[in-house]
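Below: one structure, written as structure tokens.
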Amino acid sequence: MPAFPHSTSSTTTAVAVPPALALPVIEAAFPRRLHPYWPCLQEKTRSWLLEKRLMPEHKVEEHADGLCYTDLMAGYYLDAADEVLQAIADYSAWFFVWDDRHDRDIVHRRPAAWRRLRFSLHAALDAPGHHLHHPDPVVAGFADSVGRLYSFLGERWNARFARHFHAVIEAYDREFRNRTRGTVPTVDAYLELRRLTFAHWIWTDLLEPSAGCELPDAVRKHPAYRRAALLSQEFAAWYNDLCSLPKEIAGDEVHNLGICLIHHEGMTLEEAVREMRRRVEGCISDFLAAEKEALRFAESLAGVTVQGKELSSTVKAIVANMRNWFSAVYWFHHESGRYMVDSWDDRTTPPYVDNEAAGEK
């Protein structure tokens, strides 16, 4: 069944979920909601992609709305102020563009171009204001979005975000090397790498500016909070692998849980899909238990002070947004043109990418 009578995207209608990818528990127990700012969010992110030259005009016109990048964020950070949600949505759209650029640099064998981009992103992360006019739109767009994200909380949060994203950039470099060498990581090595390339802790960090509050370390690092956060992200990463498996097999990817299971565990494609579903469904049931623990922890923070009650309410709101991630991710994968590989003219070349991106030819 669809999340809404019609998709949030203006380019599609009601969504039918393929039986192999259907998760009845998500459809029944994780109601989908959408931030009321979403229509403006979609329009402004589309304009931002054009302004920052992150996608050619015809690609934006043909594909931006149907990719549903803003739908994903508008279904997750429901408590965010409009300005915060806009900055997150633009950053998220940038992240998808960067991911595509990384893929094209691998496909077209452009190691020097990737190396330049990697080092430039590290520099822009530390000093975004100095890179707003960088000649590479991917670097300039990153500097713009990160600079806006840095404006909401404070230096400690900014430093944590930077630390986490430096690790993401380096994880993408490991992926670059694996793919150019044809190295399929072991399952354990892949799961560790995936937590970085999916940016688990970045999306979790962004729950704080969405709530308008930087959490104390004692809260963020508490096992109850951390487990709920991790499970919400693991679900998203593994469900993404399940849905993108045909796309990534067609594109000679090596970074997919199913591909790792087939290569290292000797599974057939059907067996790998069953194992991925088992893990995804386990994430959901484990989260439902972890969610209760996290809410009990939030309740324990209330105490008798006004500060305690405010912190308790903030943590409860953040845990609610962790829950939102399940439905947002689930429906995104069935509405976004990013995963509709069967509709592409060339299964190895997504129609929404600039296949002649900057770099050596």
Side-chain angles (χ1 to χ4, degrees), residues 2-4 6-18 21 32 34-35 37-77 85-104 107 137-138 141-142 145 197-199 202-203 206 236-237 239-248 250-251 253 325 327-357:
F4 299 118
H6 297 280
S7 163
T8 52
S9 169
S10 61
T11 60
T12 58
T13 55
V15 177
V17 180
L21 302 175
R32 187 183 187 188
L34 202 65
H35 198 291
Y37 182 66
W38 172 78
C40 291
L41 189 72
Q42 185 184 55
E43 179 182 349
K44 289 185 178 181
T45 294
R46 190 192 314 123
S47 297
W48 185 78
L49 288 168
L50 281 172
E51 177 193 342
K52 299 302 175 184
R53 299 179 294 117
L54 288 166
M55 292 175 69
E57 185 174 357
H58 70 285
K59 296 287 187 184
V60 172
E61 182 67 26
E62 293 173 21
H63 300 291
D65 289 355
L67 290 169
C68 301
Y69 296 158
T70 55
D71 304 42
L72 181 63
M73 296 297 107
Y76 185 16
Y77 300 104
L85 185 61
Q86 188 66 63
I88 292 173
D90 291 350
Y91 166 77
S92 172
W94 171 87
F95 203 118
F96 282 111
V97 171
W98 174 53
D99 186 75
D100 294 334
R101 168 75 166 274
H102 176 260
D103 177 72
R104 293 296 95 185
V107 168
V138 173
F142 178 63
S145 62
T197 58
F198 197 81
I202 291 293
W203 306 118
L206 290 169
Y239 192 67
N240 174 268
D241 278 9
L242 182 62
C243 294
S244 63
L245 186 57
K247 168 180 178 275
E248 293 182 341
E253 249 289 8
W325 194 219
S327 58
V329 164
Y330 182 74
W331 294 111
F332 168 70
H333 282 86
H334 303 298
E335 292 179 347
S336 174
R338 193 172 178 85
Y339 306 101
M340 296 179 183
V341 66
D342 291 336
S343 69
W344 301 352
D345 292 337
D346 177 357
R347 291 173 65 89
T348 68
T349 305
Y352 48 82
V353 303
D354 180 359
N355 203 33
E356 297 300 330

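This is a predicted model, so every value here is computed, not measured.
- Heavy-atom contacts from other residues, nucleotides or ligands closer than 6.0 Å to CD of E51 number more than 12.
- Under the 30°/60° scheme for interplanar angles, the aromatic rings of W203 and F95 are found to be tilted.
- Taking the side chain as every heavy atom from C-beta outward, C243 and H334 approach each other to under 4.5 Å.
- For the pair Y91/I202, a side-chain contact is recorded, criterion being any heavy-atom separation below 4.5 Å from C-beta on.
- Of the charged side-chain nitrogens involved, none lies within less than 4.0 Å of a carboxylate oxygen, so that D99 and R104 do not count as a salt-bridged pair.
- Looking at V97 and L49, their side chains come closer than 4.5 Å, going by heavy atoms from C-beta outward.
- What you find for W94 and V138 is that their closest heavy atoms are NE1-O, 2.8 Å.
- The two residues M55 and L67 make their nearest non-hydrogen contact at CE-CD1, 4.4 Å.
- Within the 4.5 Å cutoff, the side chain of F142 has no heavy atoms near those of the W98 side chain.
- Side-chain contact between L21 and L242 is present, with at least one heavy-atom pair separated by less than 4.5 Å.
- In plain terms, the two heavy atoms of R32 and E335 that are nearest each other are NH1-OE2, 3.0 Å.
- Shortest non-hydrogen contact noted between L85 and L41 is O-CD1, 3.7 Å.
- Using a 4.5 Å heavy-atom cutoff, the side chains of K52 and S145 are not in contact.
- Within the structure, every pair that satisfies the ring-ring contact (aromatic ring centres under 6.0 Å, His included) test and touches residues 53-77, not counting sequence neighbours, is listed here: Y69-F96, Y76-W325.
- Taking 4.0 Å as the cut-off between side-chain N and carboxylate O, R46 and D90 do not count as a salt-bridged pair.
- In terms of heavy atoms, T45 sits closest to A93 at CG2-CB, 3.8 Å.
- Two residues are said to be in side-chain contact when any heavy atoms from C-beta on lie closer than 4.5 Å; L50 and E61 fail this criterion.
- Between the side chain of K59 and the backbone N or O of V353, at least one donor-acceptor pair lies under 3.5 Å.
- Side chain of S92 to backbone of I88: no donor-acceptor contact under 3.5 angstrom is found.
- Side-chain atoms of L54 and R101, non-hydrogen and from C-beta on, never get closer than 4.5 Å to each other.
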